[in-house]
Amino acid sequence: MKYINIANTDLKASNLIMGNMRLTSLSVPEAEKLIRTALEEGINFFDHADIYGRGKCEEIFSDAIQINSQIRENMILQSKCGIRLPEGFFDFSKDHILNSVEGILTRLKTDYLDILLLHRPDPLMEPEEVAEAFQQLHTSGKVKYFGVSNHNPSQIELLQKYIPFKLVINQLQFSIAHTPMIDSGISLNMKIDQAINRDSSILEYCRLNDLTIQAWSPFQHGFFEGSFLGDLERFPELNKTIDGIAEKYGVTNTAIAVAWITRHPANIQVVLGTTNPGRMHDACMGSEIKLTREEWYQIYKAAGNIVP
């Protein structure tokens, strides 16, 4: 397992993250097996959100691992807040952030979070109010570091103007079959669809400002439209290319999908949402594989992208 130092923190984190969005599909013993597999593979970073299973995923996690102080100190725990369910809107108010964190800590059976993320942008955000909530959580020791999810550069700048400490994470959708973070930059000034800047150059912004990017849905295409791996109808050339490179390295296609992301020099973390211990193991095999430049571009082109 490869580890990275998250800028502006004291955290040495695995470059793969266990995502816990689907834990409600598992029994407590099954969840324990999955978490133990992640730990045995070297994963020390675990991602949650208060809306996952309406909080049930966090409860299952803490029950499955039988969390105690010794176990807790060997984990990096991250959770997210800001989405109101079942109402279906975003809420970055001070009261909601503070109440959400209290619930998260209770369900995870811990005194603090290593990282708290704001979960998707709230157009009604009042940054001064967010700053007050963050300051209170930081001063009380309930949250060590803060970040965002799915935010563009201007939204981050607006928050950062009022927050007295650096935001450290931006969680964004990224996979071989979902590459807007790369497409417009590689085809700059061309009159083609790939050149449309859909993300305000967020990849370069995060690198310039020392925000670690976490890639969610690393095996998906579109907005939860399914995995591209094994989808020979829609992605025949991509799967052929990935399978050929996987055979060369003696790993599965899952490992190569991970390695394609971790090959990027931005030191992107990959959020694994699988509930299958076998696939967890396969994905972890890609943590330290360093694809050649030729292989990386070969995969990018096989996904239907243009290299001018």
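For NZ of K109, the number of neighbouring non-hydrogen atoms (other residues, nucleotides, ligands) closer than 6.0 Å is greater than 12. The 12-atom threshold is not exceeded at CG of N189, counting heavy atoms of other residues, nucleotides or ligands nearer than 6.0 Å. In this structure, E87 places its CD atom where more than 12 heavy-atom neighbours from other residues, nucleotides or ligands lie under 6.0 Å away. More than 12 heavy atoms of other residues, nucleotides or ligands shown are found within 6.0 angstrom of CG on D210.
In this structure, a donor-acceptor pair under 3.5 Å is present between the side chains of S14 and N44. Judged by distance alone, the side chains of E58 and S79 do bring a donor and an acceptor atom under 3.5 Å apart. Defined by atom type and a distance below 3.5 Å, a donor-acceptor pair is present between the side-chain atoms of D47 and Q78. Side chains of S201 and N197: a donor-acceptor N/O pair is present below 3.5 angstrom, by distance only. In this model, no donor atom of one side chain and acceptor atom of the other lie less than 3.5 Å apart for K166 and Y145. Under the 3.5 Å distance criterion, with hydrogens and angles disregarded, a donor-acceptor pair is assigned to the side chains of Q135 and T139. In this model, no donor atom of one side chain and acceptor atom of the other lie less than 3.5 Å apart for S154 and N152. Inspection of the N305 and Y297 side chains reveals no N or O donor paired with an N or O acceptor under 3.5 Å. Side-chain contact annotation: Q269 with Q171, donor-acceptor N/O pair under 3.5 Å absent.
Across all their heavy atoms, A255 and D282 have their closest contact at CB-O, 3.3 Å.
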Stepwise salt bridge (Lys or Arg N to Asp or Glu O under 4.0 Å) test for R198 and D193: CA-CA 10 Å; R198 293 180 168 87; D193 182 70; 3.0 Å; yes
Residue pair E295, Y300: steps toward the side chain to side chain donor-acceptor pair (under 3.5 Å) verdict: CA-CA 9 Å; E295 289 164 345; Y300 180 72; over 6 Å; no
Side chain to side chain contact (heavy atoms under 4.5 Å, CB included) assessment of L172 paired with Q214: CA-CA 6 Å; L172 300 158; Q214 297 175 346; over 6 Å; no
Working for ring pair (Phe, Tyr, Trp, His ring centres under 6.0 Å), residues W216 and F224: CA-CA 11 Å; W216 58 268; F224 298 113; 5.8 Å; yes
Verdict with reasoning, K56 to E59, per salt bridge (Lys or Arg N to Asp or Glu O under 4.0 Å): CA-CA 5 Å; K56 187 66 178 175; E59 292 178 352; 3.6 Å; yes
H221 vs F235, ring pair (Phe, Tyr, Trp, His ring centres under 6.0 Å): CA-CA, chis, key distance, verdict: CA-CA 10 Å; H221 66 96; F235 299 96; 4.9 Å; yes
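If you chain together hydrophobic residues whose side chains sit under 4.5 Å apart, L203 and I4 never meet in one group. Both F134 and V148 sit in one connected hydrophobic cluster of ILVMFWY residues. Membership requires side-chain heavy atoms under 4.5 Å apart, directly or through other members. Under a hydrophobic clustering in which Ile, Leu, Val, Met, Phe, Trp and Tyr are joined whenever their side-chain heavy atoms come within less than 4.5 Å, directly or via other members, L118 and L137 fall into the same cluster.
Cation-pi geometry between R72 and Y112 is satisfied (NZ or CZ under 6.0 Å from the ring centre, within 45° of the ring normal).
Judged by distance alone, the side chain of S175 and the main-chain N or O of Q220 form a donor-acceptor pair under 3.5 Å. A donor-acceptor distance shorter than 3.5 angstrom exists from the side chain of N68 to the backbone of I71, with no hydrogens or angles considered. A distance-only check finds a donor-acceptor pair linking the side chain of S227 to the backbone of F219 [under 3.5 Å]. With hydrogens and angles ignored, the 3.5 Å screen pairs no side-chain donor or acceptor of T179 with any backbone N or O of I182. In this structure a side-chain-to-backbone donor-acceptor pair under 3.5 Å is present from R22 to G273. E247 places no side-chain N or O within donor-acceptor distance of the main-chain N or O of I242, the cut-off being under 3.5 Å. For the pair E129 (side chain) and K94 (backbone), a donor-acceptor distance under 3.5 Å is present.
Using a 4.5 Å cut-off on side-chain heavy atoms (C-beta onward), N170 and T212 make no contact. With a 4.5 Å cut-off on side-chain heavy atoms, L291 and I299 count as touching.
Ring-centre distance between F146 and F165: below the 6.0 Å cut-off.
A salt bridge does not link R107 to D50: none of the charged side-chain nitrogens sits closer than 4.0 Å to a carboxylate oxygen.
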